[in-house]
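In this chain, numbering begins with 1 at the start of the sequence shown.
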Amino acid sequence: MSTLAYFRARPDYGMGRAFMLAFAVHAVLLAVMFFGVRMQNRPGDTVTVELWEAPPPPPPPAPVVEAPKPPPPKLEAPKPEPEPEVKKPEIVEKAPPPKPKPKPKPEAKPAPPKDDIEKILMREQVAMESRKLDEERKRADEARRKADSERTARQLAANARDKALADYVNRIRGKVRQNWILPQDVQGNPEAIFSVVQLPTGEVLSVKLRKSSGNPALDAAIERAILKSSPLPLPEPRSLFDRQLELTFRPQD
């Protein structure tokens with residue numbers, strides 16, 4: 001028996017069972033669909049109600065509430081336009097200045113003759129000596145004027161000092177004359193010189209006869225007057241004060 005004949009002769013029992021199982025599943029599915037559609041199309045039961053009282057009046061219609069008006073749109077301030085960017089100027093490098101052209105060298109002049117050179121040198125030497133003499137003359141004049149000015153200032157200061165000192169001595173003599181009592185037998189105008197030592201306050205410490213007038217009574221009277229005049233007047237300015245004074249007295253001065 002060949003292979004083909006073997007497969008043709010073998011019966012297929014599984015196909016029949018599969019067909020039967022598929023038919024049964026389809027039948028169940030059809031039945032479920034039929035009963036489900038029928039139950040949905042069934043009308044609802046009617047309910048009868050008896051009314052014993054009048055039904056309540058219908059509620060009043062609700063007030064119509066107007067919908068709130070939308071708020072007015074806010075006016076936004078216009079945004080400032082951005083300032084245009086200022087472009088920085090481009091720095092342009094300056095070209096270096098052109099180098100100056102070298103000046104042409106002056107042509108060498110011919111040297112002057114020897115005689116002319118000597119004359120030029122002589123004139124320059126004379127001019128130099130003249131300037132030197134003028135400067136020395138100016139310095140001498142300035143030194144002379146300075147010396148004269150200093151001498152004049154010293155002379156004026158000495159004169160002022162001598163005058164102040166003379167006034168100081170005259171004030172002392174005037175006070176002494178107020179306190180002396182001269183003798184009656186004085187003849188002429190004899191001179192007596194006394195050395196007086198005093199304190200800075202003018203108080204007299206000692207009186208010494210340096211030159212006698214030739215009249216002992218007159219000398220003693222002047223000495224007593226000096227001691228009685230203590231304290232003596234002080235000088236103005238105080239720089240003229242001297243601890244030791246030399247005073248000259250004459251009866252008729």
Side-chain angles (χ1 to χ4, degrees), residues 114-253:
K114 187 175 180 182
D115 295 340
D116 294 343
I117 294 176
E118 291 180 355
K119 291 179 180 179
I120 292 172
L121 293 176
M122 183 67 67
R123 284 197 298 269
E124 290 180 353
Q125 186 175 359
V126 171
M128 187 183 300
E129 291 178 355
S130 177
R131 287 195 299 269
K132 188 182 293 184
L133 290 174
D134 291 340
E135 291 177 358
E136 291 179 355
R137 191 181 301 109
K138 288 180 180 179
R139 284 196 295 268
D141 294 342
E142 185 177 355
R144 190 182 307 108
R145 285 194 299 269
K146 186 176 181 180
D148 294 341
S149 177
E150 291 177 354
R151 183 167 54 253
T152 302
R154 286 195 300 268
Q155 186 65 35
L156 292 175
N159 294 340
R161 186 178 184 280
D162 293 343
K163 183 179 179 181
L165 187 59
D167 293 341
Y168 171 46
V169 173
N170 289 334
R171 284 191 290 117
I172 293 176
R173 288 174 178 168
K175 190 173 182 180
V176 172
R177 287 194 183 95
Q178 293 176 1
N179 294 317
W180 70 19
I181 300 175
L182 299 179
Q184 297 295 329
D185 58 345
V186 177
Q187 295 179 0
N189 193 22
E191 180 183 81
I193 300 175
F194 290 87
S195 178
V196 180
V197 179
Q198 61 176 344
L199 294 175
T201 57
E203 295 181 5
V204 178
L205 295 179
S206 65
V207 179
K208 185 178 181 181
L209 180 63
R210 298 293 299 274
K211 178 183 177 184
S212 175
S213 63
N215 187 338
L218 177 60
D219 295 341
I222 295 174
E223 184 176 352
R224 287 192 300 269
I226 293 173
L227 294 172
K228 190 176 180 180
S229 299
S230 180
L232 300 176
L234 296 176
E236 290 294 340
R238 294 295 179 90
S239 60
L240 296 176
F241 177 82
D242 194 350
R243 182 180 176 84
Q244 186 172 353
L245 296 176
E246 191 170 282
L247 303 176
T248 303
F249 295 95
R250 299 182 183 88
Q252 296 180 8
D253 286 352

A.B. asks: Does Ile181 have more than 12 heavy atoms from other residues, nucleotides or ligands lying within 6.0 Å of its CD1?
C.D. replies: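 No.
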A.B. asks: Determine which pairs satisfy side-chain hydrogen bond (donor to acceptor under 3.5 Å, both in side chains) with at least one residue from residues 158-169, sequence neighbours left out, and list them in order.
C.D. replies: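 For residues 158-169: Gln155-Asn159, Tyr168-Gln198.
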A.B. asks: For residues 221-238, which residue pairs qualify under side-chain hydrogen bond (donor to acceptor under 3.5 Å, both in side chains), counting only residues two or more places apart or in two chains?
C.D. replies: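 Applying side-chain hydrogen bond (donor to acceptor under 3.5 Å, both in side chains) to every pair that reaches into residues 221-238, excluding sequence neighbours, yields Asn179-Ser229.
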A.B. asks: Would you say the side chain of Ser195 lies within less than 4.5 Å of the side chain of Leu245, judging by non-hydrogen atoms?
C.D. replies: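 Not in contact.
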A.B. asks: With sequence neighbours excluded, tell me which residues meet side-chain hydrogen bond (donor to acceptor under 3.5 Å, both in side chains) with Asp141.
C.D. replies: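 So Asp141 forms a side-chain hydrogen bond (donor to acceptor under 3.5 Å, both in side chains) with Arg144.
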A.B. asks: For Ser213 and Pro190, work out which heavy atoms get closest and say how close.
C.D. replies: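 The pair with the smallest heavy-atom distance is O-CB, 3.4 Å.
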A.B. asks: Quick one: does Ser206's side chain get under 4.5 Å of Val196's, heavy atoms only?
C.D. replies: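 They are not in contact (no side-chain heavy atoms under 4.5 Å apart), so the answer is no.
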A.B. asks: Residues in side chain to side chain contact (heavy atoms under 4.5 Å, CB included) with Ile193, at least two apart?
C.D. replies: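 Residues passing side chain to side chain contact (heavy atoms under 4.5 Å, CB included) with Ile193: Glu191, Arg210, Lys211, Glu246, Thr248.
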A.B. asks: For residues Arg171 and Pro235, report the shortest heavy-atom separation together with the two atoms involved.
C.D. replies: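 In terms of heavy atoms, the two residues are closest at NH2-CA, 3.7 Å.
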A.B. asks: Any donor and acceptor pair, going by atom type alone, linking the side chain of Asp219 with main-chain N or O of Ser212 inside 3.5 Å?
C.D. replies: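 Not confirmed, Asp219 side chain does not pair with Ser212 backbone.
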A.B. asks: Applying side chain to side chain contact (heavy atoms under 4.5 Å, CB included) to Glu118 and Met122, what does each step give before you reach the verdict?
C.D. replies: CA-CA 6 Å; Glu118 291 180 355; Met122 183 67 67; over 6 Å; no
A.B. asks: Could you report the tightest heavy-atom contact between Ile172 and Pro233, atom names first, then the distance?
C.D. replies: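 Taking every non-hydrogen atom into account, CG1-CD, 3.9 Å.
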A.B. asks: Please report the shortest heavy-atom distance between Gly202 and Leu234, naming the atom on each side.
C.D. replies: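 The answer is N-CD2, 3.9 Å.
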A.B. asks: With side chain to side chain contact (heavy atoms under 4.5 Å, CB included) as the test, would you mind laying out the steps for Val197 and Val204 before giving the verdict?
C.D. replies: CA-CA 6 Å; Val197 179; Val204 178; over 6 Å; no
A.B. asks: Please check if the side chain of Ser149 supplies one atom and the backbone of Arg145 the other of a donor-acceptor pair under 3.5 Å.
C.D. replies: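 Side chain of Ser149 to backbone of Arg145: no pair is present.
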A.B. asks: Write down the atom of Ile226, the atom of Leu232, and the distance for their closest heavy-atom approach.
C.D. replies: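 Distance-wise, the nearest heavy atoms are O-CD2, 4.5 Å.
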A.B. asks: Rounded at 0.5 Å granularity, tell me how far CZ in Arg173 sits from CZ in Arg177.
C.D. replies: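 Arg173 atom CZ to Arg177 atom CZ measures 6.5 Å (nearest 0.5 Å).
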A.B. asks: Supply the atom-to-atom distance Leu165 CG to Leu240 CG, rounded to the nearest 0.5 angstrom.
C.D. replies: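 Result: 6.0 Å between the selected atoms.
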A.B. asks: CD of Glu136: more than 12 outside heavy atoms within 6.0 angstrom?
C.D. replies: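 Count over threshold, so yes.
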A.B. asks: Applying salt bridge (Lys or Arg N to Asp or Glu O under 4.0 Å), name anything that partners Arg137, two or more places apart in sequence or on another chain.
C.D. replies: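 In terms of salt bridge (Lys or Arg N to Asp or Glu O under 4.0 Å), with neighbours along the sequence ignored, Arg137 is linked to Asp134.
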A.B. asks: Locate the shortest heavy-atom distance separating Ile222 from Phe194; write the atom from each residue and the value.
C.D. replies: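 Minimum heavy-atom separation between Ile222 and Phe194: CG2-CE1, 3.3 Å.
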A.B. asks: What residues, two or more places apart in sequence or in another chain, satisfy salt bridge (Lys or Arg N to Asp or Glu O under 4.0 Å) together with Asp185?
C.D. replies: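 Asp185 satisfies salt bridge (Lys or Arg N to Asp or Glu O under 4.0 Å) with no other residue.
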A.B. asks: List the steps and the verdict of side chain to side chain contact (heavy atoms under 4.5 Å, CB included) for Glu129 and Gln125.
C.D. replies: CA-CA 6 Å; Glu129 291 178 355; Gln125 186 175 359; 3.6 Å; yes
A.B. asks: Would you mind reporting whether Glu150 and Arg154 have side-chain heavy atoms less than 4.5 Å apart?
C.D. replies: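 Yes, side chains in contact.
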